[in-house]
Amino acid sequence: MRDINKIAAVLPKAEVRDGALVIQASEAVEVLAAVKALGGFALFDITCVDRPAGTPPASAEGAVPAYPACFELAWRIWDLSEGSKDILTIRSFIDHDRAEAPSVMAVWKSADMLEREVWDLMGIRFTGRPHLERVLNRADFEGHPLRKDFVMPKRDRFPPASWDKKAAEGGQ
Amino acid sequence: MTEFLTTVFNLIQGILGVAPTTLALALPWMDIFWAFVYFVGAVILLIINVIMLIWIERRAAGFFQERVGPNRVGPFGLLQTVNDTIKLLGKEWIMPASADRMVFLIAPLLVVTVAVTMYGLLPYGPGITPVTLNVGILFFLAVSSTNTIAVLMAGWGSNNKYSLLGGMRTVAQIISYEIPMALSIIGIVMLSGSLDLGEIARSQSHVWYVFIQPVAFVIFTISALAELTKSPFDMTEAEQEFVAGYHTEYSGIRFTLFFMGEYANLFSMAALGVVLFFGGASGPWLPPWMWFIGKTYVFILFLLWIRWTFLRIRVDKMMKFNWKFLIPVALANLLVTGVGIKLWQHFVERSI
Amino acid sequence: MELNHNDPSAPGHGSKEPTTLIKGPLHDGIEAVLDFCRGNSLWPVTFGLACCAIEMMSAGGARYDLSRFGYEVFRPSPRQADLMIVAGTVTDKMAPLLKTIYDQMPEPKYVLAMGGCAICGGPFTDSYSVVQGVDTIVPVDVYVPGCPPRPEALIDGILKIRAMLRHPELREVRFNA
Amino acid sequence: MGDNLDGANLNSDGFETQEFILNLGPQHPSTHGVYRARLIMDGETVVSAENKVGYLHRGMEKMAEGLTFSQFTPYTSRFDYCAGALQPWAYVIALEKLGGIVVPERAEYIRVITGELNRISSHLLMVASMVLDFSAITAWTYAFNAREGVLDLLEAVTGSRLLMHYMVNGGVWADLPEGWVPKAEAELDRIIARLDDFDMLVSGNEIFLGRTKGIAPINSEEAIEFGLTGANLRASGRGLDLRRDSPYSVYDRFDFEVPVLHNGDCWDRYYIRIMETRESIKIVRQALKQLPGGDWRAKVAKVWKPAAGEAYTMIEAARGVQAYHVVSDGTAKPYRVHMRSPSFCNIGVIPEKAPGLTLQDFISFIASLDFVLGDIDR
């Protein structure tokens, strides 16, 4: 693992907290582009945790400052440089009300599928990218299932009446 | 056993020969009567062949794939195909609402018609050639290429993208591979000096043409596989790409007809190969027709062996292989054959 | 489109009258012969959904050799198939397509629900996107439990359909149950 | 046909051509499950491709929040169902990291053995289904025969053929059965012999080469850009393997090579699986030799509550690098489980590489990427 403090030194807008870089979500493109420019990094994963108000936020070493209610969005960057195959975490905390983050598709193309997944399951709207649409759920699915306030749809033995001919023909 | 079969065969032949005279039929009616007899014979032969071939195919596949194959219905699973056919007769006929009705319906019939016609041309042995044509081989090639139209009709009439793509591929494939096949046959025709299938078979009484024309035989085998759309040239069905190719939308008995046509053509193409390269019905001890059928089945097993070993070739490579390799080789072979015949006539025959 | 196959009046349920020109013992005889033949050549449609599809492939492989019974003819086109093996979890997104494939198959057709997911949703029955059993969409003839069922179990399930065809009284049991 | 024609244009010869939409899947013989590609085709050439997935989305990440940590372990093997024993590994490592559990050495060895055997069966399944897409049914049965041998071994240990709930929090579920080790060594020889048969039949076949060589090459920069991992990345010339580069478990004690191929075309992606299978067999042999005695499972409380915290762990799974992000809030149930699935990232490259391929090439391309829909859709 490259020293995270050294990485942070070249990134003026990031601070090191709990072994991760913490940034403002709006600066994600800038920071990730700077990380990419360092060389030997690849966007590996985008994870998101919903932390409603009142739940104790947690992290591996020490506690994340208590945000009232937030989405903990993290870009996991794979350090590919020789001899160190570790993960650099770039984290940002997003307001519940404005669940938005800029898309990093322009930096790493692998963000395409990952962002669509986070949008589908967690409802973070990634701005500045084409066709942000549901990838796993049906197009007419309501809600974002991995949010903590997601209400499980009431299911009886029979399939929902929302199936229509359009869905049967596979047109989305 | 053999003698018994020969006796039975002669008996049938005798009865059939006597029947028209005893019925005191006038001459034009006699022709029609014989045509009918040959037609029925060809259809029966076709059905028996198809049943045997599908069984052989499935059991041979089992053998190549280290398993057993169908063995539950009838002895050694022999009746499996009969069973499948009866089942398919009892299936629902589905025609897509947007299909081109007439085209959709005629296509499977055309396939079987073509197959039956080809059965009528083959020289099964001396005296058992249903229809002797002095341009037999030309007629055979012409009829066999009618299959193309049936496949295209099926592909177009289904109004399904997979069907259409499968149909178009087949047309391109069959039409292209007819050329090297015809070119490989021309060499044989030059050697035998006849277009009559029976005459070609008879002219191999000294040596089979496979030894004189090995290159032509290889070209013939390859293009026969392509004509039959068998692996590695099974572009038509190509289930991994086009679901079931041109017959994706066919169900029940119509699908059976396609299936039957495919296997019937396998037999007639192999039989043509036997006539051209393996001396047709000639052979010692056994009656000629047995030799003919036996040789044909051996040739079919060879084709199946190829089929179950290879993978499917890519469609553009298949075309390249045809136009850039097979046809030039066939033409060169033709040239060599022509020069060879001339030299033979000039030096050997004259000296004799 | 409300799909409810537990409703006896719905199409595909047991209460339909055969419409045929031939009636009486001749019809029964023909049907018996056809049923015998159907039982010996159940061609499945190539249709794998999830984990169970791998075991379905294994059943077609050399060790378990589904071809002994004449069932190895996996037809890629539903038009030529007799049997739909629902091998895996049916999700809400997939269910309309599954229904379409079922509708594309020509009668008579049979459905085998392979594995817990196809039977009742299996371990995923609490999920927000999983159909709680394929029998809510299409009528199922035979259920093969397991997660996933072994290939032997699948073969046994198909043979149960054969038994059902040979002994029509078994069919009554199914519809009355 | 008429209704979804996208519009007519003229080709170079002046003929009017029309592009059309072809929906490949979800029920299609060669999409390996319920993957669907929405292709815009010009004749047989793909103009553009779009991934349509989610037909197997079972919502397992949400379900994890309603189950206890150990209850969710068997679900993890349903993600990538072709490698059911290897799958829970990253998850249990995450749990052990959260709870500070030390896994006994024997358990680590057994994990390596079952995991590598499972990798072999998964790779064999991949090559088998890939050649099946070229209609080589005979070769398919050969690979399946080899796979059955592996599954026999796995079944004797884990009790199941496909979805093994074997790796658990703190070790493995049960010890190796008596007399298994010599049997396994004998069976490995047979597996190699069958693999050689398959290799001889397929790998050098001219038609196979013609259909895979030079098709859809992905170079290492593109592979990294699109987040490809595992064998697909190694076929592109970047020899990254977590087992060697950042050894988890006891992988640092084995001597094995990480095969790397440099063209990144379909053939490389196919052949690297064969090479990796041989390497895995090597690892299993070494692990069987070194197998220590002792306990196979650490003591873990029945109602197990880790401290609040999060863990992000990754392993080299059969289809690439697989990671679990497990967040605990101190209760018996996970607060959030996220899985980074290799297949999901691997298919991201399809829309980029598909244009210009023929339909047949497209089929070999998606087959060579070796995705599993359970892994993509979760």
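Source: prediction; values computed, not measured. Order of the sequence lines sets the chain letters (A, B, ...), proteins ahead of strands, with each chain counted from 1.
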Undergrad: Under 4.5 Å from any heavy atom of chain C, what part of D:Tyr75 do you find: side chain, backbone, both or neither?
TA: side chain

Undergrad: Flag the one option from C:Pro151, C:Gly121, C:Cys52, C:Ser77 with the top tally of heavy-atom pairs under 4.5 Å to chain D.
TA: C:Pro151

Undergrad: Can you tell which part of C:Val45 gets under 4.5 Å to a heavy atom of chain D, answering side chain, backbone, both or neither?
TA: side chain

Undergrad: Check whether C:Ser58 gets within reach of chain D through its side chain, its backbone, both or neither, counting any heavy atom under 4.5 Å.
TA: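 Both parts, heavy atoms under 4.5 Å.
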
Undergrad: Given heavy-atom pairs under 4.5 angstrom as the criterion, report whether the side chain, backbone, both or neither of D:Glu155 touches chain C.
TA: side chain

Undergrad: So which of C:Gly61, C:Ala87, C:Pro148 has the largest heavy-atom pair count under 4.5 angstrom toward chain D?
TA: C:Pro148

Undergrad: Measure from the ring center of C:Tyr128 to the ring center of D:His57 and say whether it is less than 6.0 Å.
TA: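 Under 6.0 Å, so yes.
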
Undergrad: Chain D heavy atoms under 4.5 Å from C:Ile101: which part of the residue, side chain, backbone, both or neither?
TA: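 For C:Ile101, the side chain is the part near chain D, not the backbone.
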
Undergrad: Would D:Asp80 and D:Arg319 pass as an ion pair if we require N to O under 4.0 Å?
TA: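 Yes, this pair counts.
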
Undergrad: Tell me, side chain or backbone of C:Ala62 under 4.5 Å from chain D's heavy atoms, or both, or neither?
TA: both

Undergrad: What pairs meet the ring-ring contact (aromatic ring centres under 6.0 Å, His included) rule with one or both residues in residues 33-66 of chain C, with sequence neighbours excluded?
TA: none

Undergrad: In plain terms, say whether C:Glu152 and C:Arg63 are close enough for a salt bridge, that is, a side-chain N and a carboxylate O under 4.0 Å apart.
TA: no

Undergrad: How about D:Phe69 and D:Tyr91: are their ring centres within less than 6.0 Å of each other?
TA: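 Centroid separation for D:Phe69 and D:Tyr91: 6.0 Å or greater.
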
Undergrad: Can you confirm whether D:Phe371 sits close enough to D:Asp375 that some side-chain heavy atom of one is under 4.5 Å from a side-chain heavy atom of the other?
TA: no

